[in-house]
Amino acid sequence: IWYAEGVELTAVDRAPGVPFALQGYIGSYTKEAVFPSNREVRYHVFSEFGVRLESFDDWPRDGDLAIADAERVGLIGDLLAGVSFLHARGLPHLCLNEKTVRLGREVEGADADGGAAGGPLRLRILGVGAGPSLNAANNTFQVPRSWAYTCPEVLSGLIVQSNLPALFAMDAWSVGTVTAMIIAGASESPQAARPEWYRLQFNERAAVLQRIADRAERMNDFLFDLDQASGGFLFRNGWLVELVINLLKTDPQERIPVRAAYAKLRENAPAYDAGARAA
């Protein structure tokens with residue numbers, strides 16, 4: 001699997017027009033086995049950029065100046081551009097979460113930490129394609145347990161075979177989750193939930209699934225909460241309301257594809273620049 005991951009990462013990194021969100025891959029390496037594990041360590045290296053989404057602490061607080069609408073749209077654009085680029089190449093990511101999405105500022109060609117002054121906030125995605133998040137066995141894919149970013153069809157126990165549309169729909173849910181976090185200026189998934197024993201929830205997976213079901217019945221409340229947290233950003237950009245709703249459809253067949261979502265953003269935010277590397 002590590003070798004296949006490296007092939008995917010290299011191919012995407014060298015592809016013409018790769019967007020900013022997917023740039024930064026350096027190489028794949030192995031480290032000799034050492035005592036006591038006596039196991040060879042294999043890993044992928046990316047250039048340092050910003051901080052993980054779960055650790056980002058530069059969202060405005062009460063009394064702070066709000067992040068400019070264009071800057072927040074730019075973060076969503078980076079996310080959609082990166083995943084759309086993968087899907088156009090037939091590669092699902094399937095590991096979009098608070099650890100693989102990073103936020104930071106690019107200052108005069110050098111990457112800066114998330115809180116540094118300088119250029120606008122940008123978003124970068126670590127890992128490329130199915131490899132970094134899949135264990136293949138008899139063509140059955142196993143998704144890592146980042147439940148708060150996992151789509152309801154997987155949470156409910158569905159086993160997904162080698163079906164690209166289904167895998168792309170799983171990515172769309174994760175993209176919708178991260179998009180909602182960017183809108184709200186939050187570092188925690190809106191689906192995050194802890195088990196409540198009195199509701200017969202015995203693990204995080206069951207708690208998250210119930211949170212999703214509850215929200216589906218009160219989507220308007222969810223959108224109002226998002227808008228309030230964003231300081232009015234969501235309702236000022238009405239096209240984003242439709243985007244969030246359609247990315248977070250519980251029925252995967254009704255969920256908007258990421259490439260269509262990206263086209264929607266380009267239509268409504270023509271000034272967005274994906275930072276694509278020249279061919």
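- The salt bridge (charged side-chain N to carboxylate O under 4.0 Å, His left out) contacts involving residues 78-104 comprise Glu54-Lys99, Asp78-Arg122, where partners must be two or more places apart or lie in separate chains.
- Within the 4.5 Å cutoff, side-chain heavy atoms of Ile182 are placed close to those of Val178.
- Applying the ring pair (Phe, Tyr, Trp, His ring centres under 6.0 Å) rule to Tyr272 yields no partners; only residues at least two apart in sequence or on another chain are considered.
- Closest heavy-atom contact between Arg105 and Gly119: NH1-O, 3.0 Å.
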Apply the test side chain to side chain contact (heavy atoms under 4.5 Å, CB included) to residues Thr150 and Val208: give CA-CA distance (whole Å), side-chain angles for both, the deciding distance (0.1 Å), then the verdict. CA-CA 9 Å; Thr150 300; Val208 170; over 6 Å; no
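- Listed here is the closest heavy atom pair of Ala21 and Gly82: CB-CA, 4.1 Å.
- In terms of modelled atom types and a separation under 3.5 Å, the side chain of Arg205 and the main chain of Trp147 share no donor-acceptor contact.
- Within the structure, ring-ring contact (aromatic ring centres under 6.0 Å, His included) contacts touching residues 166-185 (residues at least two apart or in different chains) are His87-Phe168.
- Under a 3.5 Å cut-off, the side chain of Ser189 and the backbone N or O of Ala148 do form a donor-acceptor pair.
- For the pair Met219 and Ile245, the tightest heavy-atom approach, listed with the atom from each and the gap, is CG-CG1, 4.5 Å.
- Applying the ring-ring contact (aromatic ring centres under 6.0 Å, His included) test to residues at least two apart or on different chains, the pairs with a partner in residues 229-251 are Phe224-Phe235.
- For the pair Asn163 (side chain) and Ala166 (backbone), a donor-acceptor distance under 3.5 Å is present.
- With Arg124 contributing its side chain and Glu48 its backbone, the two residues share no donor-acceptor pair below 3.5 Å.
- Heavy-atom neighbours of Gln253 CD from other residues, nucleotides or ligands within 6.0 Å: at or below the threshold of 12.
- Interatomic distance, Asn237 CG to Leu243 CG, rounded to the nearest 0.5 Å: 11.0 Å.
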Are Phe222 and Leu248 close enough, and set up right, to give a side chain to side chain contact (heavy atoms under 4.5 Å, CB included), and what steps lead you there? CA-CA 11 Å; Phe222 172 67; Leu248 293 178; 4.1 Å; yes
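- Using a 4.5 Å heavy-atom threshold, the side chains of His93 and Val83 count as separate.
- Applying the side-chain hydrogen bond (donor to acceptor under 3.5 Å, both in side chains) test to Tyr149 and every residue at least two apart in sequence or in another chain returns nothing.
- In this structure, the side chains of Val241 and Leu226 stay at 4.5 Å or more apart for every pair of heavy atoms.
- The only option from Leu126, Asp13, Val18, Val45 that meets the side-chain contact (heavy atoms from CB on, under 4.5 Å) definition with Tyr25 turns out to be Asp13.
- To the nearest 0.5 Å, atom CG of residue Asp251 and atom SG of residue Cys151 are 11.5 Å apart.
- Ser84 contributes no side-chain N or O that, together with a main-chain N or O of Ala81, makes up a donor-acceptor pair within less than 3.5 Å.
- By the 4.5 Å heavy-atom criterion applied to side chains, Asp214 and Gln210 are counted as neighbours.
- One N or O on the side chain of Ser156 and one on the backbone of Glu153 form a donor-acceptor pair closer than 3.5 Å.
- Within the 4.5 Å cutoff, side-chain heavy atoms of Ile76 are placed close to those of Leu240.
- Residues Leu9 and Phe46 are in side-chain contact: their nearest non-hydrogen atoms beyond the backbone lie under 4.5 Å apart.
- In this structure, Glu71 places its CD atom where more than 12 heavy-atom neighbours from other residues, nucleotides or ligands lie under 6.0 Å away.
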Decide side chain to side chain contact (heavy atoms under 4.5 Å, CB included) for Thr179 and Leu79; before the verdict, give the C-alpha distance in whole Å, the side-chain angles of both, and the deciding distance to 0.1 Å. CA-CA 8 Å; Thr179 296; Leu79 174 67; 3.6 Å; yes
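- The nearest pair of heavy atoms linking Asn97 to Ser146 is CB-OG, 3.4 Å.
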So Ile125 and Leu86, side chain to side chain contact (heavy atoms under 4.5 Å, CB included) or not? Walk me through it. CA-CA 11 Å; Ile125 300 168; Leu86 293 180; 5.7 Å; no
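- For Lys249, there are no salt bridge (charged side-chain N to carboxylate O under 4.0 Å, His left out) partners at least two apart in sequence or on another chain.
- At distances below 3.5 Å, not a single donor-acceptor pair connects side-chain atoms of Arg194 with backbone N or O atoms of Ala207.
- Atom CD of residue Gln228 and atom CG of residue Leu234 lie 12.0 Å apart, to the nearest 0.5 angstrom.
- Checking side-chain atoms of Asn246 against main-chain N and O of Arg255 turns up no donor-acceptor pair under 3.5 Å.
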